[in-house]
Amino acid sequence: MEKQKDRELSKMFGYAGNYHVLTVLGCILSGISTILSMLPFVCIWLVIRDLIQAFVAGDISLATESTRYAWMAVIFAAASIFIYFIALNCTHLAAFRTATNMRKTAIHHIVTLPMGYFNQNASGRLRKIIDDNAGLTEGFLAHQLPDLTGALVMPVAVLVFIFLFDWRLGICCLIPMGISVIFLKQMMGGENAQFMGKYMTALESMNKEAVEYIRGIPVVKVFQQTIYSFKNFHAAITEYEKFASGYALKCRIPLTGFTVTLNGTFVLLIPIAMFLLSGIRGQVAYEDIVLDFLFYSLFTPICATMMNRILFASEQLMAAKSAVSRLDEILKEQPLQETKHPMHPDDTSIVFSDVSFSYPGAKEKALDHISFEIPAGKTVALVGASGSGKSTAASLIPRFYDVQSGAVTIGGVDVRNMEKQELMKRVSFVFQNTRLFKDTLLNNIKVARPDATREDVRKAAYEAQCKDIMERLPDGLDTLVGTGGTYLSGGENQRVALARAILKDAPIIVLDEATAFADAENEHQIQLAFERLTQNKTVLMIAHRLSTIQDADLILVFQEGQIAERGTHKELLALHGIYSSMWREYQTSVAWKVKSPQENSCMVIQADKGKEEGKHEESTEKEICVK
């Protein structure tokens, strides 16, 4: 465990790079400042000593030296503050660089991870780990570390000063400090030593659920599910409260003991001083004991301040170590392995050869020994129920994940043996959930090919049926869209995504539920964009709306991670199996229509059941009268 802690500290300082020298310098200056901060108390005691001696002797001139000690106290205090100011400047510069390097290292590593990693880790959690944990480390290095250094230097000086005057009174000051250390270990050691990691996990979970809850508020309001939708967020809050309050309850007795013993020095100091005074004979010795007692009375608050600094800094040290450890978890995630001997595909054909795949931590296989081929220039559609493995299969082509067994090849080359840049150039992936950046419409489309001209972007937008969008927006292509910008509907977002894919002009197109959020008008526009996008391309299409895949060269029906049926639209209908049933249900759902009869004020809802090839079924009608 100690080696683990040392490793975390070493990594923390490693992020500072050459700036770690400033951290060391800041800690040294903080130690010097701590020693200087104690000297004014000695000077004040010397002033009090001279004044008492002058008062006893009845000659105020004997206290002339007290003025010099008073000025020395001011000088030492000013020097301590100035040096501490320099120390904090040093540690702050190093802390800023450390936090910056932590964020940069994490972000640079994240972009090398497969896309599937982000499906498994919510954005709220990742933001919490990278941003907030770097901030915790920054705070510790900037403030708590120099304070901790000063607090650890102070005991050495305290020991010197305590035994410099009266060792008996000095021991009275040390006993409470020793007992307080025992209570401090109880708070920071044992089970409590593991608390910070659990606490940070609960905090990340609460942050993630808060983000998801806020994003889902429109849906929650529409369906009036506020109470039920809040349960996950509430559970995360409860889990966080359990760790936070649990730790507080565990620490209540040690913290009370720590505070009482640390501030209870006078419980021993006063009786011992009185005992010593009662056994003394002689004016000089009596004055010495009184003066020594006054010194320890002045000096004791310093000891309490020192121990409180150690307590607070120790807690922050636990948090900083946990922050480094959690950031390290991200850095341990393996990026996509780049082949040392890249190969180049002969064409754009895609072959799945006995592919099996399981998501990290899942017990069931998402894909179980599937095999199929998409010849170059052909279109293959994947259909099936949600969770059947369609999107998983599609995500293996651009290497969002790597297969556990079997192989996915493009032009005869395993995708794992292709350079990442070449693979990305060959594949365009249109997601179900399209994300637009807070930028202009021009730059949102141009992200697919940064070197494209404005005319290239405009042409791609027109071919993606975005003409009406550009005409509606106040500044056309230069209108700010996305978060904080002009709102676009789901179908319009999809057309912008298709414009990106058209501009990229990759030979392989993967469409994952590209019409999922489109209304009837937008779906028609998207279908027109599909015709342009997929022309002479190798296409893998996933769709729930079966009307979009009737002309596919091959349709694969997925069920529980396996291919249950395969064939063309006509061939699958002739099987009267899963696809045929899906087609009937789809035809029934889209055939519902409303008409107003002229003879009365009622409305007739008519549903023409699925009309398969060579088969006719009667239509059903329901009459609804509007009063």
Side-chain angles (χ1 to χ4, degrees), residues 100 103-104 106-115 117-119 121-128 130-131 134 211-212 214-218 398 400 420-421 423-425 427-506 509-519 522 525-526 528-530 532-533:
T100 299
R103 292 185 176 101
K104 285 183 177 179
I107 294 299
H108 287 166
H109 182 74
I110 274 182
V111 298
T112 67
L113 297 179
M115 283 290 296
Y117 174 79
F118 303 96
N119 294 333
N121 293 272
S123 59
R125 177 176 179 271
L126 293 176
R127 188 208 65 80
K128 173 70 178 64
I130 296 173
D131 194 29
V211 171
E212 294 299 320
I214 292 171
R215 286 178 175 174
I217 282 177
F400 289 1
K420 183 172 63 177
Q421 290 81 0
L423 179 61
M424 290 298 102
K425 286 181 180 179
V427 180
S428 280
F429 199 105
V430 181
F431 295 93
Q432 178 179 350
N433 296 316
T434 301
R435 297 187 184 275
L436 297 184
F437 300 109
K438 183 181 178 180
D439 206 338
T440 62
L441 181 61
L442 174 72
N443 289 334
N444 265 286
I445 299 174
K446 198 175 179 180
V447 70
R449 206 179 82 209
D451 61 341
T453 65
R454 186 182 183 88
E455 192 56 39
D456 291 335
V457 173
R458 185 181 297 277
K459 181 180 178 182
Y462 274 105
E463 291 177 345
Q465 308 302 311
C466 295
K467 180 181 178 181
D468 62 319
I469 300 176
M470 292 186 292
E471 291 176 347
R472 178 174 62 83
L473 296 178
D475 298 316
L477 282 174
D478 297 312
T479 304
L480 187 69
V481 297
T483 305
T486 301
Y487 173 78
L488 298 181
S489 69
E492 290 172 334
N493 282 338
Q494 288 291 355
R495 282 188 271 161
V496 173
L498 290 171
R500 287 173 175 170
I502 291 172
L503 182 65
K504 184 177 180 180
D505 197 27
I509 308 295
V510 179
L511 302 173
D512 185 4
E513 305 272 7
T515 60
F517 302 117
D519 53 28
N522 270 299
Q525 300 282 355
I526 290 172
L528 295 176
F530 278 172
R532 166 62 184 87
L533 174 63

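Values reported hereafter were calculated over all heavy atoms of this structure, with side chains retained and with hydrogens, waters and symmetry mates removed.
Contacts of Lys104 classified as side chain to side chain contact (heavy atoms under 4.5 Å, CB included), with partners at least two apart in sequence or in another chain: Thr100, His108. By the salt bridge (Lys or Arg N to Asp or Glu O under 4.0 Å) test, Asp456 is found to be paired with Arg449, residues two or more places apart in sequence or in another chain being considered. Take Lys459 and apply the side chain to side chain contact (heavy atoms under 4.5 Å, CB included) test, not counting sequence neighbours, and it matches Glu463. Not counting sequence neighbours, Arg458 has no partner by the side chain to side chain donor-acceptor pair (under 3.5 Å) test.
A distance of 11.5 Å separates CD in Glu471 from SG in Cys466, rounded to the nearest 0.5 Å. Annotation: the span from Ser428 atom OG to Ile502 atom CD1 amounts to 10.0 Å, rounded to 0.5 Å. Going from atom NE2 of His109 over to atom CG of Leu113 covers 4.5 Å, rounded to the nearest 0.5 Å. Between the CD1 atom in Ile469 and the OG1 atom in Thr479 there is a gap of 11.0 Å [rounded to 0.5 Å].
Looking only at side-chain heavy atoms (C-beta outward), Val481 and Asp439 stay at 4.5 Å or farther from each other. Between Lys504 and Ile509 the shortest side-chain heavy-atom distance does not fall below 4.5 Å. Side-chain contact check for Leu477 versus Thr440: every heavy-atom pair is 4.5 Å or farther apart. Put simply, the side chain of Asn493 reaches to within 4.5 Å of the side chain of Leu436, judged on heavy atoms. Under the 4.5 Å side-chain criterion, counting only non-hydrogen atoms from C-beta, Glu492 is in contact with Arg472.
Nearest approach of Leu480 to Lys438, heavy atoms of both residues: CD1-C, 3.8 Å. Contact detail for Asn444 and Phe437: the closest heavy-atom pair is OD1-N, 2.7 Å. What you find for Met470 and Leu441 is that their closest heavy atoms are CG-CD2, 4.0 Å. Nearest heavy atoms, Arg500 versus Val447: NE-CG1, 3.6 Å. Nearest heavy-atom pair, Ala497 versus Val430, reported as atom, atom and distance to 0.1 Å: CB-CG1, 4.1 Å. Closest non-hydrogen pair, Ala460 versus Ala499, comes out as CB-O, 3.7 Å.
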Worked check of side-chain contact (heavy atoms from CB on, under 4.5 Å) between Asn443 and Val457: CA-CA 9 Å; Asn443 289 334; Val457 173; over 6 Å; no

Verdict with reasoning, Leu511 to Leu498, per side-chain contact (heavy atoms from CB on, under 4.5 Å): CA-CA 9 Å; Leu511 302 173; Leu498 290 171; 4.3 Å; yes

Pair Lys425-Asp505, salt bridge (Lys or Arg N to Asp or Glu O under 4.0 Å): steps then yes or no: CA-CA 9 Å; Lys425 286 181 180 179; Asp505 197 27; over 6 Å; no

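A distance-only check finds no donor-acceptor pair linking the side chain of Lys446 to the backbone of Leu503 [under 3.5 Å].
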